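By convention in this document, chain letters (A, B, ...) are assigned in the order of the sequence lines, proteins followed by strands, and residues within each chain are numbered from 1. Treat the numbers as computed from the prediction; the structure is a model and nothing was measured.
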Protein chains: 2
Amino acid sequence: MLTLSTVNVNGLRAAAKKGFVEWLAGTGADVICMQETRAEADQLTAEVREPEGWHTALAPSSAKGRAGVAIYSRAEPESVRVGFGSAEFDDSGRYLEIDLPGVTIASLYLPSGEVGTPRQDEKERFMKEFGEHLAGLRERAASADREVVICGDWNIAHREADLKNWKANQKSAGFLPEERAWLTDVFESGYTDVVRTLHPEGPGPYSWWSYRGKAFDNDSGWRIDYQVATPGLAGRATEAVVERAPSYDQRWSDHAPVTVTYDF
Amino acid sequence: MLTLSTVNVNGLRAAAKKGFVEWLAGTGADVICMQETRAEADQLTAEVREPEGWHTALAPSSAKGRAGVAIYSRAEPESVRVGFGSAEFDDSGRYLEIDLPGVTIASLYLPSGEVGTPRQDEKERFMKEFGEHLAGLRERAASADREVVICGDWNIAHREADLKNWKANQKSAGFLPEERAWLTDVFESGYTDVVRTLHPEGPGPYSWWSYRGKAFDNDSGWRIDYQVATPGLAGRATEAVVERAPSYDQRWSDHAPVTVTYDF
DNA sequence: CTTCTGAGG
DNA sequence: CCTCTGAAG
């Protein structure tokens, strides 16, 4: 049994003050993949940096206060790798891998993009380079008889069922045809969208609701946080839940943890 | 009877959310001089921008979010003047005058300064230019048979009794020998420190306590907010109080209102 | 420690 | 609307 959670914490320091610590203490997960930690190690309190019972790997961005990913695991990783061999992105706090026995687990924070700005070009460059990494990772894992799962905020809703208001968002970053097509390619190249497989019916389950307006109260969300696994692991997923906060005031991030249990 | 309050609000928008509005509704003052409003008119809610029963004059800084002074008066001013004829400082949100019948009332926010930086030079330039304005103001007022009072955050503690920890602060901006000497010159050139006249015994009353550490709880404060008046007005002051908040959590600024009643 | 800003989301 | 930053206080 292996339970994996992935969550964009939207600032680990802020999240820690609003309920993340209690959530971590109560979770049954074995591994937590985090995105947007937005902190360096020495900016975190000990209870967040080195919680009792966890091994923690951090990959902060070289730009202070931006991005940052982390993986917390109850077991000590066999190895830890920051980045995916990209000159542009390896110090940007967007990718971290650990190996546990028989499985490679990654925390991914894909750029959010913004149509009509250089940040959309950056997202496209990231997708291209990262797509190549995904192919290599799959090949290497197959020859080593390992499974792979990439957990994270992919910042793309794949299909119409993956966001509340798809019609209005066809020109929005995160639901552009080229972004959706890229994700389709990923899902047709030996990687499975685990939550969608266990929950074939939409709409949702959403994992992100904007802080603006009444998006959370209206459940006007997007499903942009995924666990993307090789078939041998994906086929063993038994349960997937999005841990939506019970109310607006009890949220500690604009994203909710996406938690999957694997019979592995 | 004329009651004047002066207070550095440390951000009028923040203060409004923390109790300024209630304080304004309950005050018996006829005129409120404010400093560090840190907002332009259209960034303020109507209840702050145009409270019922008040005439409001604002002099924001041209640098967004910085400085800014204001004068709220129950009576409509005969005239309103921004700045004191300084090319460098007139758009910096540091000085505003209004005329009421027989009296000119100013709101002053003197630069705080920082030893060893250009900001201390700026403070010195301001003191020099403003000293000249004070002389001219006094002359013009005398010939027009008007009184003058400059209310505000002068960012200088005059004497040892004017701050808790004078020994440790002899090299700190706000208690430098040259700053204190300049203020002595002001007080010996036809202007009176009204609160000190009514309260000749120190220490205090302090009007500012740093937000850092436990300065407020320990009453480790500075008296840097003054009402500085021509003798004809100063001699009619009957009561002066510093409206220190009852507890740390009930403060809406790091400064307290300094309120003086004049038999005028 | 707090209030602003502006970038980023 | 929220979380960072950095300047200013």
Side-chain angles (χ1 to χ4, degrees), chain A residues 8-18 20 35-40 43-44 60-61 63-68 92-94 109-115 117-120 122-123 153 155 172-174 208-217 220 222 224-225 248-249 251-255, chain B residues 8-18 20 35-40 43-44 60-61 63-68 92-94 109-115 117-120 122-123 153 155 172-174 208-217 220 222 224-225 248-249 251-255:
Chain A
N8 178 318
V9 296
N10 190 28
L12 187 47
R13 285 170 286 181
K17 288 182 186 156
K18 297 197 293 183
F20 169 80
Q35 301 84 39
E36 277 207 272
T37 51
R38 303 177 74 165
E40 288 159 27
Q43 296 177 308
L44 298 172
S61 169
K64 284 187 73 173
R66 303 279 173 77
S92 69
R94 295 191 176 274
Y109 177 46
L110 203 140
S112 111
E114 186 178 13
V115 172
T117 77
R119 297 181 38 249
Q120 191 63 26
E122 180 199 17
K123 185 175 190 174
D153 178 356
N155 264 317
S172 303
W208 173 75
W209 304 263
S210 171
Y211 274 130
R212 300 172 218 191
K214 301 200 189 306
F216 187 82
D217 292 339
S220 183
W222 294 50
I224 56 180
D225 301 279
Y248 183 92
D249 338 324
R251 288 202 294 172
W252 43 267
S253 170
D254 49 351
H255 295 248
Chain B
N8 178 318
V9 296
N10 190 28
L12 187 48
R13 285 171 286 180
K17 288 181 186 157
K18 297 199 293 183
F20 169 80
Q35 301 84 39
E36 278 207 272
T37 51
R38 303 178 73 166
E40 287 159 26
Q43 295 177 309
L44 299 171
S61 168
K64 285 187 72 173
R66 303 279 172 76
S92 69
R94 296 192 175 273
Y109 177 45
L110 203 140
S112 111
E114 186 177 13
V115 171
T117 76
R119 298 182 36 249
Q120 191 64 27
E122 181 200 18
K123 184 175 190 174
D153 179 356
N155 265 316
S172 303
W208 172 75
W209 303 264
S210 171
Y211 274 129
R212 299 171 221 192
K214 302 201 188 308
F216 187 83
D217 292 339
S220 183
W222 295 50
I224 55 180
D225 300 279
Y248 184 93
D249 340 321
R251 288 201 293 172
W252 42 267
S253 170
D254 49 351
H255 295 248

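Considering OH of B:Tyr248 and CZ of B:Phe216, their distance stands at 9.5 Å, rounded to 0.5 Å.
Nearest to the side chain of B:Lys18, among C:dC1, C:dT3, C:dG6, sits C:dT3. Here the nucleotide nearest the side chain of A:Arg38, chosen from D:dA8, C:dG8, D:dC1, is C:dG8. Comparing C:dG6, D:dG6, C:dT3 by their nearest atom to the side chain of B:Ala14 picks out C:dT3. For A:Lys64, whose side chain is taken as the heavy atoms from C-beta onward, the closest listed nucleotide among C:dC1, C:dG8, D:dT5 is D:dT5. The side chain of A:Tyr211 sits closest to D:dC1 out of C:dC1, D:dT3, D:dC1.
Of the candidates A:Trp208, A:Trp209, A:Tyr211, A:Trp208 is the only one forming a side-chain hydrogen bond (donor to acceptor under 3.5 Å, both in side chains) with A:Asp254.
Between the CH2 atom of A:Trp252 and the C1' atom of D:dT3 there is a distance of 15 Å, rounded to whole Å. Straight-line distance from the CZ atom of B:Arg212 to the P atom of D:dA8: 13 Å, rounded to whole Å. Across the protein-nucleic acid pair, B:Asn8 atom CG and C:dT2 atom C1' stand 12 Å apart, rounded to whole Å. Residue A:Gln120 contributes atom CD, which lies 17 Å from atom C1' of C:dA7 at whole-angstrom precision. Separating the CZ atom of A:Phe20 from the C1' atom of D:dT3 is a distance of 16 Å, rounded to the nearest angstrom. Here the P atom of nucleotide D:dC1 and the CZ atom of A:Arg251 are 12 Å apart, to the nearest Å. In this structure, CD of A:Glu36 is placed 12 Å from C1' of C:dA7, rounded to the nearest angstrom. If you measure from atom CG of B:Asp254 to atom C1' of C:dC1, you get 9 Å, rounded to the nearest angstrom.
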Show the numbers, then the answer: is there a side chain to side chain contact (heavy atoms under 4.5 Å, CB included) between A:Val9 and A:His255?
CA-CA 7 Å; A:Val9 296; A:His255 295 248; over 6 Å; no
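For the pair B:Gln43 and C:dT5, the criterion of a side-chain N or O lying under 4.0 Å from OP1 or OP2 is met. Contact annotation: B:Tyr248 reaches the phosphate of C:dT2 (side-chain N/O to OP1 or OP2, under 4.0 Å). OP1 or OP2 of C:dT5 lies within a sub-4.0 Å distance of a side-chain N or O belonging to B:Arg13.
The main-chain N or O of A:Ala215 is never found under 3.5 Å from a side-chain atom of A:Ser210 such that the two would form a donor-acceptor pair.
Residue A:Phe216 is out of contact with every strand shown, counting any heavy-atom pair closer than 4.0 Å. No contact: A:Glu114 has no heavy atom under 4.0 Å from any strand. Residue-level contact check: A:Lys214 touches neither bases nor backbone, having no heavy atom under 4.0 Å from any strand. Across all strands, B:Lys17 comes closer than 4.0 Å to no nucleic acid atom at all (heavy-atom distances).
Nearest-nucleotide mapping onto DNA chain D: of A:Gly65 and B:Glu122, the residue sitting toward the 5' end is A:Gly65.
By the side-chain hydrogen bond (donor to acceptor under 3.5 Å, both in side chains) test, B:Gln120 is found to be paired with B:Glu179, residues two or more places apart in sequence or in another chain being considered.
Between B:Glu114 and B:Lys123, every side-chain heavy-atom pair lies at or beyond the 4.5 Å cut-off.
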